Amino acid sequence: MIVFKNYFNIVKRHLGIIIMFSAISIGVSVINTSYTSTEDYVSVEPKIAVINYDESSLSNNFVDYITERAEIVEVEDNEKAIQDSLYLNKVDSILIIPDNFGANLLMGNEPNVKIKKSTQNVSEYTELLVNRYFKIAENYSKVGMTENEIINNIEKDIQNEIEVKVSSENQSDMEKLAVYYSFENYAFLSIFTFIIGTIMCIFNKETIRKRNNVSKLNPKSFSNQLFLGHMTLTLSIWAIFILISVILYKDLMFTINGLLLILNSLCFAITATSLAYLIGCLIKNENVISGIQNVISLGLSFISGCFVPIEWLDTNIINFSKIFPSYWFIQGNYDITKLSTFNYETIQPVIQNCGIILAFGIIYFSISKIIIAKKVKN
Amino acid sequence: MEKIIEIENLTKSYGKFKAIDDLSIYVEKGKIFGLLGPNGSGKSTTINCILSLLNFEKGSIKIFGKEMQPNCYNIKSKIGVVFQDVAVFDELTVYENINYFCGLYIKNKKKREQYVEDAIKLTGLGEFKKFRPKQLSGGLLRRLNIACGIAHKPELIFLDEPTVAVDPQSRNSILEGIKELNKNGATIVYTTHYMEEVEQLCNRIAILDKGKVIALGTKEALKELTTMGEKITVEAPNLKKAIVSELKTMENIIDVKYEDATLFVTYKKGEDNLEKMISFLKENNVKYTKIFSELPTLNDVFLELTGKQLRD
Amino acid sequence: MFKHLFMNKMKILLKNKAMLFWSLIFPFVLGTFFQLALGNVGEAFEMEVIPVAVVDNQYYQEDKILKEVISSLSKENENQLFNTVYVDESEAQKLLDNEEIDGYILLKEDNNPQMIVKTNGINQTIIKSVLDEYYQMSNATTQMINYNPEILYNGVLETLYEEKNYITDDSNENIDFSINYFFTLIAMTCLYGSLIGLEVIKDCEANLSKKGARMCMAPVNKFKMILAGLLAGYVIQLVALALLFLYLIFVFNINFGNQILPTVVLAMVGCLAGTSLGTFVGVSNRKSEGFKIGILISVTMTCCFFSGMMGVIDIKVFFDETFPLLAKINPVNIITDGLYSLFAYDNLDVYYNCLARISIFSLVLITLSFMFIRRKKYDSI
């Protein structure tokens with residue numbers, strides 16, 4: 001096991017940068033998790049700003065109505081603030097009630113509320129709420145009700161809401177957990193490729209390789225010990241990530257969902273190690289490591305739903321991303337956090353998913369074996 | 001003789017470590033001056049101080065009679081430097097590299113072309129003009145390194161260990177090239193830890209150890225510094241101990257050693273040391289297969305002055 | 001002499017594969033990834049048909065209107081909203097547990113309908129909203145009839161169930177945070193000019209490389225040498241950036257606004273910031289080149305992260321609000337904000353602010369670098 005021991009002497013030399021990289025990644029993934037809104041793309045409660053120029057009783061009542069059904073965000077009434085809040089996704093849409101809106105509505109002039117939204121935001125639910133309120137108000141006015149009567153009656157109407165029972169709880173925190181774990185896709189690919197690439201370059205230096213080749217050390221045993229070294233190192237980093245998640249989300253991690261997430265990420269850590277090992281076998285030059293590291297980690301993160309919601313992706317891209325373990329890992333995380341009943345039928349797909357991730361790892365490892373065998377022959 | 005370089009009382013430390021300690025030397029025009037010393041003795045530091053690349057605490061350095069400063073461009077244009085490590089652009093070909101560095105000195109394009117060709121001829125790189133540095137062997141790379149440093153035909157050339165890790169063939173070509181440069185009028189400062197090279201090339205030699213000049217002069221003068229006259233080696237198997245002891249008592253002998261069936265005898269200076277040895281062996285009926293005598297080398301001088309070998 | 005230095009440095013840099021990768025290839029690749037990831041934004045939200053279940057019990061059978069509403073929404077046509085199955089309660093619960101439906105509707109004897117869902121989500125919200133609409137409208141009808149029974153005959157009721165729109169879309173065109181990814185990409189490319197700066201300065205300082213020592217021995221003014229080298233690097237970086245702009249604009253139809261001159265000026269100053277960053281990192285310490293490259297890349301990528309390049313834009317908002325000072329000096333963020341201001345606002349106030357900040361950033365680094373470069377002799381090489 002001389003190679004294995006020597007491996008950690010080399011790791012010791014580079015410990016500073018390894019720790020730095022891991023610390024940055026962990027910090028970044030914690031920040032990412034805390035400040036990424038976990039709601040769906042169109043939020044359940046849309047974030048709305050209302051700018052009311054009318055100030056009639058009717059429009060004020062409308063604002064109260066919308067406040068109960070949406071998350072109201074304060075936005076200053078100027079073009080820049082409006083643009084910024086939309087661009088920075090602080091609001092989904094902004095409603096502007098023009099002057100005399102209430103009076104015009106009651107007179108049957110069919111006035112309109114203005115909406116401002118960003119291109120990719122769908123505000124259908126908001127529009128639905130708005131239209132419903134004013135449709136009832138207009139109809140009430142048509143039958144001859146006064147403004148006050150309308151307001152009173154609408155309040156009665158809109159209390160008439162269907163009762164909703166939500167059977168599973170903690171959902172949004174669970175989803176945060178999925179975000180945290182999915183960020184491992186970027187963190188692991190980035191750290192592992194960098195570390196393993198650097199170490200492989202040291203071991204693969206022409207002179208050292210030749211020296212190893214002429215020694216009585218079996219090349220197979222050499223590469224196996226090396227792989228074992230990588231695995232020990234990467235799984236230690238993996239353990240730190242898990243530890244942090246346990247500290248941050250104690251209650252959630254000691255559930256079956258939590259355990260399944262750990263299992264899923266273990267499979268991915270192993271596969272990411274194999275992938276990094278394969279890359280390490282292919283590169284000859286230290287200078288290319290950061291390039292490959294960034295292309296692989298950023299690329300796979302973008303097309304697999306780690307950075308942007310998978311719903312944004314084109315079906316062709318999604319199909320393409322299925323040939324990488326990242327897709328399966330991230331899907332797995334979201335599927336696991338959605339589970340609320342645990343039986344063979346619900347858990348079996350999760351396990352199957354883990355199998356797929358590991359299968360990628362085995363493929364990568366086998367390819368690197370073939371490459372090493374060819375190198376030894378030459 | 002005109003002194004091209006004059007160094008007086010140069011002292012330079014790296015932190016607490018004194019790299020050069022009160023060093024004073026001069027170099028005469030048209031000569032090849034050798035700086036000989038083991039690794040870490042301060043040869044490169046001395047050169048870098050002369051070139052005004054390094055700060056130093058004490059002393060003065062004059063080149064061409066003037067105080068050297070980093071912005072003395074007219075002095076710099078007369079100097080060529082070949083550093084210990086290869087310093088060329090991997091992205092440029094052999095020709096482009098030489099042309100580039102030469103172009104920092106020679107603005108006239110036609111003149112430059114001629115100079116570059118001359119440098120290529122001198123270093124024997126003609127076949128490799130279009131090669132990239134990565135495609136060259138170690139020896140050729142060294143030659144390219146030299147070509148880049150001397151293409152502008154400087155009056156004063158510094159060569160810092162240009163033959164380290166070079167195959168014998170390239171080494172000979174490099175040494176020949178240096179002689180030729182000298183013949184064409186250039187003054188040369190040459191550092192090395194190979195005494196053979198210094199003996200072969202240099203007119204004057206300074207031997208450095210721990211930042212101090214421990215000997216300075218022509219190689220003949222340096223060899224005078226040693227008490228040793230010659231070294232006689234006898235290959236004689238099965239020599240009796242008594243004979244070795246007897247040898248030690250004889251006159252004019254400094255040291256006797258018997259190892260691996262070979263007898264090493266160090267003599268003081270004397271006319272007939274070898275003759276006496278042969279007759280001694282005859283008298284004692286010693287059978288030997290080979291006997292020869294060597295004159296002292298600079299290594300012996302160094303050994304005697306410092307108590308250690310030039311090379312580790 | 002300047003021309004000799006400039007042209008040769010150009011030649012040398014253009015053959016440096018690592019530099020070309022970071023300045024040219026990497027931004028192109030990343031830009032392509034962005035486009036792949038974001039190209040579908042906006043189209044992805046076509047309404048899906050939502051799988052629901054209705055508990056088919058006696059109360060449901062009695063509610064004729066609800067039956068009618070649900071069956072019309074479940075009809076297979078363009079407007080189909082629900083894919084409904086009619087089952088008993090235990091079956092519905094099982095379907096929900098196995099996530100085959102998004103929720104189910106249960107009517108009880110008090111006639112108050114219930115919707116049972118597993119999680120909150122957009123589909124659940126839609127189901128609820130449709131049912132709310134139905135119950136609120138029927139309630140409103142009752143109130144109206146009570147208030148004025150005549151309406152049963154004068155047609156007012158007929159309009160109640162018609163779709164009516166009280167909203168006009170007054171959105172400014174193209175407000176789209178997905179473009180932020182491309183802004184950060186441009187900013188990142190500017191900053192990768194630092195790698196070229198690093199490469200250039202390395203060959204000009206005697207204590208950084210042997211080539212540097214050799215260059216220092218040439219009878220050439222050091223500042224002239226450095227300036228020629230950096231200028232060559234800067235020009236290459238600008239060309240790379242221009243190519244990236246063209247690629248994004250003409251291949252991916254990314255809209256950077258119409259203010260071409262200010263955009264070009266910002267990009268030029270941005271590249272200057274990158275080059276001066278690299279010069280400073282190169283000249284200020286004697287760590288290995290690999291280490292410096294690693295530092296520059298990680299710093300750039302971290303700056304990109306806090307400008308919203310990875311993940312969603314919330315990270316940028318968080319960082320801007322929590323560490324406003326750092327956000328104001330983060331060069332990637334400054335360039336990103338500057339590009340955004342050109343794209344979003346008509347007046348240039350914010351733009352000038354960004355331009356000033358990135359200029360100061362460059363100036364500070366240039367001044368600091370100058371203090372190192374000014375020294376003529378070294379303590380050790």
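Since this is a predicted model, take the numbers as computed values, not measurements. Naming: A, B, ... by sequence-line order, numbering from 1 per chain.
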B:Gln69 versus chain C, the contacting section by heavy-atom distance below 4.5 Å: side chain
Value rounded to 0.5 Å, distance of OG1 in B:Thr93 from NZ in C:Lys11: 7.0 Å
B:Phe89 portion near chain C, given a 4.5 angstrom heavy-atom threshold: both
Engaged part of C:Lys222 at the chain B interface, taking heavy atoms whose separation is under 4.5 Å: backbone
C:Ile260 CD1: over 12 foreign heavy atoms closer than 6.0 Å: no
Under 4.5 Å from any heavy atom of chain C - which part of B:Asn145: both
Distance-minimising heavy-atom pair for B:Asn55 and C:Lys377: OD1-CB, 3.0 Å
C:His4 side chain vs B:Lys107 backbone, donor-acceptor pair below 3.5 Å: no
Portion of C:Asn221 that has a non-hydrogen atom of chain B nearer than 4.5 angstrom: both
Distance (rounded to the nearest 0.5 Å) between B:Phe83 CZ and C:Lys211 NZ: 13.5 Å
Exercise: identify the closest heavy-atom pair between B:Tyr73 and C:Pro219: O-CB, 3.3 Å
Side-chain donor/acceptor of B:Lys76 to backbone N/O of C:Cys216, under 3.5 Å: yes
Where B:Leu104 and C:Met215 come nearest, the two heavy atoms and their spacing: CD1-SD, 3.8 Å
Approximate separation, where rounding is to 0.5 Å, of B:Tyr14 OH and C:Asp379 CG: 9.5 Å
Gap separating the OG atom of B:Ser52 from the CE atom of C:Met217, nearest 0.5 angstrom: 7.5 Å
Other residues, nucleotides, ligands: >12 heavy atoms within 6.0 Å of C:Lys17 NZ: no
Side chain / backbone / both / neither for B:Lys12 at chain C, heavy atoms under 4.5 Å: side chain
More than 12 heavy atoms from other groups under 6.0 Å of CD on B:Glu127: no
Neighbour count above 12 (heavy atom, 6.0 Å) for B:Lys62 NZ: no
Leading residue by heavy atom contact count with chain C [cutoff under 4.5 Å; candidates B:Thr45, B:Asn48, B:Leu53]: B:Leu53
Whether over 12 other heavy atoms sit under 6.0 Å from B:Met68 CE: yes
Exercise: identify the closest heavy-atom pair between C:Arg214 and B:Val82: NH2-CA, 4.0 Å
Atom pair CG/NZ of B:Leu92 and C:Lys15 - distance to nearest 0.5 Å: 6.0 Å
Shortest non-hydrogen contact from B:Glu91 toward C:Asn16: OE2-ND2, 3.5 Å
Which atom of C:Lys210 lies closest to which atom of B:Val86, heavy atoms considered: CB-O, 4.5 Å
Region of B:Cys72 that comes under 4.5 Å of a non-hydrogen atom in chain C: neither
Proximity breakdown for C:Ala213 and chain B, heavy-atom pairs closer than 4.5 Å: both
Pick from C:Leu13, C:Leu14, C:Asn8 with the largest number of heavy-atom pairs that fall under 4.5 Å of chain B: C:Asn8
